[in-house]
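Taking it in order: structure first as structure tokens, then the write-up.
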Amino acid sequence: MLAIQLIREKTDWVKQRLAVKHFDHPEWIDEILQLDAQRRQLITEQDQLQNLRNAASREIGMLLRTGQHQQAETQKKEVIQLNTQIDELEKQRQQIEQQLEHLLLQIPNLPHESVPIGKSADDNVVVRQGGKIPTLPDNALPHWDLSVQYDLIHLDLGTKLTGSGFPVFKNQGARLERALIQYFLDFNTRAGYIEYLPPLLVNEHTAFGTGQLPDKEGQMYFISDDQLYLVPTAEVPLTNIYRDTILSPEQLPIKLTAYTPCFRREAGSYGKDVRGLNRVHQFDKVEIVQLVHPDHSYEVLEEMVVHVENLLKTLELPYRIVKLCGADMSFTSALTYDFEVYSAAQQRWLEVSSVSNFETFQTQRMKIRFREGKQTRLLHSLNGSSLALPRIVAALLENYQQPNGIHLPQVLHPYFGADKISPPAD
RNA sequence: GGAGGGAUGGCAGAGCGGUCGAAUGCGGCGGUCUUGAAAACCGUUGUCUCGGGCAACCGGGACCGGGGGUUCGAAUCCCUCUCCCUCCGCCA
């Protein structure tokens, strides 16, 4: 959520920035300003009347104590008059505020100055590329075939147990998943991130805090009996840990990491994009989150990008880093880098991480602040995947397939307990 | 699931329906003392918001778990929701 003062003070600049995100209702900004002016006017009037009421009530107390009941009664009648006026103003104010909030919630975050102008994902800018794209043997298979051949992942079984998009990992497949999670968490904690294991169900306050509500309501699974949402990413519970807190400068930066399964309804997805592990309803992901001083958040963003990049390098996968253009960014982000890994058998780039700076867009909602002198100030929040597992697994299987098995990168050997995935014994 | 108790400032802990934004203690910050530190003493110490100076500040309003009600007036009374504690039951 944008700060109303920002809209007030830099109206034209806000509109100009929103245009980069292809936000096509600049008139809402004007409506917001109008409502804001009305709101402040009403508050001023109401406060004045309440001031009068407080004084009068105090006087009534005095009158009663000194036995002047007559005067007290006339005073009471006046205050009752006042109260009807106050109630009227209060009703108006609430209505205005509701409209204001409704509009404000539909304004996306402003893109950073460096965000590329663009109309679609085609206009994203490749920042760096690394690793080597392997040449595969002639009979190379995509990961969904390898999964079956090596008895690693069973999508049809998931369909039987739950529905489509809920993969079942088995044997070496399950072990690989566990190894990756463990490795990623170790990599993050070594870099100073504090490990958490948060709840997988969150309430609506929490979902609202990071911006999942109301914007992406349909994307989350909802437990209606208890009014709880299944987490679509660890970002949600992790960032909300610090909701409604005022930190001291010495506590900064806050660096958090967590593994959680992620649940996404992905309504409306179809076709080859969803084949195999490319898009599923439940997947594993390790997330990193930082809450930092607003003056340094873009340095921290670069630091997080390098962190994820280093992790990817150790997996020895061909990758590239993409800076998202205005049209492709999320509602809440000010600047986002996507990480993609090359899936050699599918011959396409798959997104495995998204690292973003949200500036104060989330912290404004969550009221995450720090003390700066006598003032309080909003922190900046950032997060990124490090990493999302399914497409990493897909790329590992496809890129490393050899006639005698799937050779794993060295860093995984101790976690996996072997240097390769062996063909099933049969 | 059943019965009872509770939710107050960073923490602990008071609070007859009317100068209560809230006693007191601890902690924090500033100062005196000291070569320095500790102790002692003095002072200070919440958040949000509106208005004015458009800055260090000043004035108003709101906030004692959330929401609603009674009243001229509510931290204090009533209703409701949430959470916490104790006991019983059930259970990984």
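Order of the sequence lines fixes the chain letters, A, B, ..., with proteins taken first and strands second; residue numbering starts at 1 for each chain.
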When both hydrogen-bonding distances must be under 3.5 Å and the geometry is Watson-Crick or G-U wobble, what is B:rC48 paired with, if anything? B:rG61
When you measure from the side-chain N and O atoms of A:N83 to the phosphate of B:rG73, is any distance below 4.0 Å, counting only OP1 and OP2? yes
Provide the Watson-Crick or G-U wobble partner of B:rA92, both distances under 3.5 Å; none if there is no partner. none
Using the C1' atom on both, measure B:rG46 against B:rC64 and round to a whole Å. 12 Å
Quote, to the nearest angstrom, the C1' distance that separates B:rC16 from B:rC77. 13 Å
Is it true that the side chains of A:S114 and A:K323 contain a donor and an acceptor less than 3.5 Å apart? yes
Kindly state whether the ring of A:Y298 and the ring of A:H380 have centres lying under 6.0 angstrom apart. no
Quick check: are there more than 12 heavy atoms from other residues, nucleotides or ligands sitting under 6.0 Å from CD of A:Q81? no
According to the Watson-Crick and G-U wobble definitions, with both distances under 3.5 Å, which nucleotide is paired to B:rU19? none
Grab the CZ-P distance between A:R40 and B:rC48 for me, whole Å please. 18 Å
What is the distance from CD of A:Q5 to C1' of B:rC50, rounded to the nearest Å? 13 Å
Enumerate the residue pairs fulfilling salt bridge (charged side-chain N to carboxylate O under 4.0 Å, His left out) with a member in residues 225-237 of chain A, sequence neighbours excluded, ordered by first and then second residue. none
Pairwise side chain to side chain donor-acceptor pair (under 3.5 Å) hits with a residue in residues 410-423 of chain A, at least two apart: A:D186-A:Y415
Expressed in whole Å, how much space separates the C1' atoms belonging to B:rA12 and B:rG66? 24 Å
RNA chain B-proximal residues of residues 366-381 of chain A, any heavy atom under 4.0 Å: A:R369, A:R371, A:K374, A:T376
Which residues within residues 90-103 of chain A lie with some heavy atom under 4.0 Å of an atom in RNA chain B? none
Looking only at atom C1', what distance separates B:rG28 and B:rG6, rounded to whole Å? 29 Å
Protein-nucleic acid N or O pairs under 3.5 Å, nucleotides 59-61 of chain B:
unit_1: B:rG60; atom_1: O3'; unit_2: A:N51; atom_2: OD1; d: 3.2
unit_1: B:rG60; atom_1: N2; unit_2: A:D47; atom_2: OD2; d: 2.3
unit_1: B:rG61; atom_1: OP1; unit_2: A:N51; atom_2: OD1; d: 3.1
unit_1: B:rG61; atom_1: OP1; unit_2: A:N54; atom_2: ND2; d: 3.2
unit_1: B:rG61; atom_1: O3'; unit_2: A:Q50; atom_2: OE1; d: 3.2
unit_1: B:rG61; atom_1: O2'; unit_2: A:D47; atom_2: OD1; d: 3.0
unit_1: B:rG61; atom_1: O2'; unit_2: A:Q50; atom_2: OE1; d: 2.8

Are the ring centres of A:H307 and A:F187 closer than 6.0 Å? yes
In whole Å, I'd like the distance from the CZ atom of A:R53 to the C1' atom of B:rA62. 11 Å
Between B:rU34 and B:rU49 - P atom distance, rounded Å: 45 Å
Output the rounded distance in Å from CD (A:Q251) to P (B:rG10). 14 Å
Counting distance only, does the side-chain N/O of A:K255 pair as donor-acceptor with the main-chain N or O of A:L291 below 3.5 Å? no
Test your reading of the model: is there a side-chain donor-acceptor pair from A:D123 to the backbone of A:S120, 3.5 Å cut-off? yes
From CD1 of A:I60 over to P of B:rU19, roughly how many Å is that when rounded to an integer? 14 Å
Any strand counts, and the cut-off is 3.5 Å on both contacts for Watson-Crick or G-U wobble. Which nucleotide pairs with B:rU86? B:rA3
Ignoring hydrogens and angles, state whether a donor on the side chain of A:Y319 or A:E340 is under 3.5 Å from an acceptor on the partner side chain. no
Between A:R391 and A:N278, do the side chains contain an N or O donor and an N or O acceptor separated by less than 3.5 Å? no
When the P atoms of B:rG89 and B:rU71 are considered, how many whole Å apart are they? 47 Å
Tell which nucleotide pairs with B:rC29, taking only Watson-Crick or G-U wobble pairs whose two distances are both under 3.5 angstrom. B:rG43
Pairs involving residues 14-28 of chain A, ordered by first then second residue, that meet salt bridge (charged side-chain N to carboxylate O under 4.0 Å, His left out) (sequence neighbours left out): A:K15-A:D30
Decide if the gap between the ring center of A:F263 and the ring center of A:H281 is smaller than 6.0 angstrom. no
Atom CG of A:L42 to atom P of B:rU49: distance rounded to whole Å? 18 Å
Pairwise C1' distance for B:rU45 and B:rC50, with rounding to whole Å: 25 Å
Looking at A:N203 and A:H205, would you say the former's side chain and the latter's main chain have a donor-acceptor pair under 3.5 Å? yes
What contact category does A:L64 fall into here, base, sugar-phosphate, or nothing, at under 4.0 angstrom with non-hydrogen atoms? base
RNA chain B: A:Q41 or A:I80, which has the more 5' nearest nucleotide? A:Q41
Could you state the atom-to-atom distance from CG of A:L247 to P of B:rU47 in whole Å? 14 Å
Send over the distance from A:D244 CG to B:rG65 C1', rounded to a whole Å. 12 Å
If I pick the P atom on B:rG30 and the same atom on B:rA39, what distance separates them, to the nearest angstrom? 15 Å
